[in-house]
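Everything below concerns the one structure shown next.
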Amino acid sequence: MAVVAGLRAFRAKWPSWLRRNPWAPLSAGFCSPGSAGPAGSESEPRLTSTRQQDGIRNIVLSHPRRRNALSLAMLKSLRSDILHEAESEDLKVIIISAEGPVFSSGHDLKELTDAQGRDYHAEVMMLIRNHPVPILAMVNGLATAAGCQLVASCDIAVASDKASFATPGVNVGLFCSTPAVALGRAVPRKVALEMLFTGEPISAQEALHHGLISKVVPEEQLEAETMRIAKKIASLSRSVVALGKTTFYKQLPQDLRTAYFLASQAMVDNLALQDGQEGIEAFIQKRKPIWSH
Amino acid sequence: MAVVAGLRAFRAKWPSWLRRNPWAPLSAGFCSPGSAGPAGSESEPRLTSTRQQDGIRNIVLSHPRRRNALSLAMLKSLRSDILHEAESEDLKVIIISAEGPVFSSGHDLKELTDAQGRDYHAEVMMLIRNHPVPILAMVNGLATAAGCQLVASCDIAVASDKASFATPGVNVGLFCSTPAVALGRAVPRKVALEMLFTGEPISAQEALHHGLISKVVPEEQLEAETMRIAKKIASLSRSVVALGKTTFYKQLPQDLRTAYFLASQAMVDNLALQDGQEGIEAFIQKRKPIWSH
Amino acid sequence: MAVVAGLRAFRAKWPSWLRRNPWAPLSAGFCSPGSAGPAGSESEPRLTSTRQQDGIRNIVLSHPRRRNALSLAMLKSLRSDILHEAESEDLKVIIISAEGPVFSSGHDLKELTDAQGRDYHAEVMMLIRNHPVPILAMVNGLATAAGCQLVASCDIAVASDKASFATPGVNVGLFCSTPAVALGRAVPRKVALEMLFTGEPISAQEALHHGLISKVVPEEQLEAETMRIAKKIASLSRSVVALGKTTFYKQLPQDLRTAYFLASQAMVDNLALQDGQEGIEAFIQKRKPIWSH
């Protein structure tokens with residue numbers, strides 16, 4: 001009850017809070033299934049499992065029996081796992097993957113009539129973009145509707161050749177309008193509309209060609225390739241990466257002149273960062289930089 | 001004369017009319033070549049032929065002798081065929097194709113000095129986007145200039161491997177600036193500019209890679225594949241598809257937060273639709289939905 | 001000293017100047033290495049070499065020893081070569097290429113702390129878009145950071161299969177935020193972010209698939225193919241191409257209706273051009289047009 005109330009209070013304050021102090025410590029619980037913690041003690045089941053090592057947090061959608069549906073309970077687990085110690089220097093990159101043959105089947109249709117669920121859902125998607133560290137999707141199966149949206153919303157997405165992507169809501173009379181927000185910003189308009197109007201899946205190769213994902217590898221290499229990217233990011237300066245991510249999304253919708261103005265300001269800020277100074281010094285001295293993050 | 005006057009009056013009112021009541025019944029004529037009707041009786045030749053069956057309207061550019069040029073007469077035929085009973089529940093999807101080896105050669109150069117023709121042209125292109133049902137292009141030949149723009153303006157485009165696409169106006173001293181509006185929103189900037197600056201065609205495969213079309217198939221499968229997509233769309237709820245199409249184009253140019261707000265509102269509207277309720281009920285009851293459109 | 005002062009004065013006036021009279025004659029020096037001229041007489045080394053023939057200007061980044069870094073000196077050379085007699089009818093198209101195995105390694109890191117250098121840099125990139133003639137990049141090696149941005153900023157880019165592209169600033173603690181402005185507008189978001197977050201290169205083929213470049217050819221055909229495109233453009237009406245380029249970039253960020261309004265106005269302007277009239281007349285008379293540019 002306390003957690004739910006806390007989440008509600010949090011949501012009410014969200015926009016201004018994000019602007020002022022995006023990653024203030026949160027009281028939201030963080031624990032893997034089976035471990036003790038606020039979520040567990042509130043007897044809300046955790047539908048994700050997480051582990052973190054060497055700066056890399058793995059969040060696994062762990063409800064394959066329900067095809068990892070993005071139910072309200074799943075979204076709460078996912079959100080709390082994403083937000084947990086987001087401001088910690090120990091966190092460098094997040095990987096979202098899934099147990100079982102379905103990455104995620106999207107919304108829980110039975111919950112869709114619930115307004116809170118709908119808002120919550122868009123909030124989690126925007127959280128990914130507003131989070132200070134890169135968030136990768138690692139996809140090894142079918143990602144549909146809000147599951148496809150989750151992939152489209154991540155910063156980077158690596159998929160195996162077994163993955164596929166669809167927005168089939170139209171089949172059950174519920175057009176994938178919110179997934180279309182992310183999908184329409186990831187792939188060409190005609191590709192998005194064919195997916196939305198027919199509900200038919202596209203393959204991993206097609207998804208790669210059209211920009212929905214950034215890489216496709218054979219299934220047996222999926223984890224290695226994703227970890228390779230994650231380790232690379234984890235070896236870099238967290239503060240530099242965070243500034244770069246924020247700036248990228250800030251300048252992208254602007255006109256060219258404004259975009260260059262914002263990016264140029266960010267270069268100044270970057271140079272003022274301790275790691276900005278260290279990086280250049282190390283480069284000039286031909287040594288490996290030592291990041292302070 | 002009455003038809004022309006009617007069209008003129010219609011055009012004058014267009015923007016506000018579209019906002020208030022986009023698909024009010026129109027008096028614009030609708031008939032295939034040879035059939036009786038207002039257009040025929042006005043002795044304006046109809047340069048398209050249409051047939052409609054099972055919710056699928058086929059509009060065929062039928063003036064191969066003039067390479068299906070989008071002359072004012074052709075645009076009027078096309079527009080009237082698109083608008084005819086647009087609000088009817090019997091119409092679920094439109095396919096635009098063409099007779100002969102050229103899909104469309106674009107503007108009639110001799111008419112280009114005519115201001116009315118130019119405006120009319122942009123109006124027809126925007127009509128496709130504002131129309132309640134998905135509009136597919138089925139392309140089996142060369143689509144140039146405004147013909148290429150027509151393909152780019154459709155919601156979905158399927159092409160045979162014989163199709164190609166060009167914006168060659170620059171060759172005759174008339175840059176394809178209006179086609180570039182649609183082209184520049186469909187393909188990457190560099191691809192658009194190479195096409196516009198050189199006037200050279202790209203192949204169907206290149207068009208697919210760059211997002212101008214959504215699918216390429218061998219010529220002998222073109223009709224079957226297009227019809228498969230059209231039949232799939234025709235089997236869905238017209239009202240759900242219409243809401244989804246409108247919402248998609250509305251949210252796409254917005255910032256992410258506004259886009260999610262609009263899409264989330266659309267989800268509420270969708271759930272309130274009779275077909276939205278029916279779809280979910282049918283899904284939960286594991287039966288086929290019966291749409292009321 | 002005079003040149004530097006002139007450049008500074010020029011920069012101060014830049015935005016309004018561009019709006020009022022974009023291509024007024026410039027006093028900025030223009031010369032190849034070794035030739036006499038203001039730049040040479042000021043003993044500022046010229047790091048580019050240029051030659052112009054039949055309307056095609058070749059600008060070659062000619063400092064392979066420093067991997068063609070876009071140092072302030074290099075940017076000044078490049079800018080002056082781009083601006084030199086920009087308004088001349090003899091100039092139809094510009095090709096930017098590079099000596100040596102590296103197209104350009106981007107910013108000179110040692111100069112990055114200099115605010116003037118940063119602004120100058122964005123200015124040169126925007127100059128490419130605002131220039132009246134098409135500017136092509138011909139890439140035969142590695143293009144990193146601002147070098148990658150330079151390619152992304154050109155109107156057209158042809159690369160050999162030896163070319164590759166990266167934004168590796170993050171490795172030295174300096175996120176490629178300004179290159180990301182151009183990159184993020186050229187390739188899908190996920191591709192841009194993977195490049196920016198990992199610093200890893202993509203191949204020419206990948207760059208083509210994602211829209212960063214418009215064509216890839218084997219190395220031995222690179223010059224021939226680039227010249228083929230340039231010659232094609234040089235054979236067209238300069239005034240028509242200039243109007244088309246300006247209009248394209250003007251309408252692209254607008255909403256569809258505004259874009260069509262702007263493009264439709266441009267069609268009127270185009271028809272009023274002497275070459276617009278000549279082109280259509282020649283077409284109707286089935287003869288070759290004679291451009292007056």
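Sequence lines set the chain letters: A, B, ... in the order given, protein chains first and strands last, and positions in each chain run from 1. Heavy atoms only: backbone and side chains are in, while hydrogens, waters and symmetry mates are out.
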Legend entry - Check against side-chain contact (heavy atoms from CB on, under 4.5 Å), C:F175 and A:K245: CA-CA 9 Å; C:F175 203 89; A:K245 177 170 170 178; 5.8 Å; no
Legend entry - Test log, rule side-chain contact (heavy atoms from CB on, under 4.5 Å), inputs C:L193 and A:Y249: CA-CA 10 Å; C:L193 284 176; A:Y249 285 116; 3.1 Å; yes
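Between C:N171 and A:L236 there is a side-chain heavy-atom pair separated by less than 4.5 Å. Put simply, the side chain of C:R189 does not reach to within 4.5 Å of the side chain of A:R185, judged on heavy atoms. A:M267 is not listed as a side-chain neighbour of C:H121, based on a closest heavy-atom distance of 4.5 Å or more.
A donor-acceptor contact shorter than 3.5 Å links the side chain of A:K232 to the backbone of C:T198.
Note that OG of A:S214 and CE of C:M195 are 11.5 Å apart. Values are rounded to the nearest 0.5 Å.
Heavy atoms closer than 4.5 Å to chain A are found in both the backbone and the side chain of C:A182. Using a 4.5 Å cut-off between heavy atoms, C:S153 contacts chain A through its side chain alone, with no backbone atom that close. For a residue to count as touching a neighbouring chain, one of its non-hydrogen atoms must lie under 4.5 Å from one of that chain's; by this rule C:M125 touches chain A with the side chain only. Contacts of C:L196 with chain A are made by side-chain atoms alone, with heavy-atom separations under 4.5 Å and no backbone atom involved.
Of all the listed residues (A:P289, A:A282, A:A263, A:A266), the one sharing the greatest number of non-hydrogen pairs under 4.5 Å with chain C is A:A263. Residue with the most contacts toward chain C among A:D275, A:L243, A:L256: A:L256 (heavy-atom pairs, distance under 4.5 Å).
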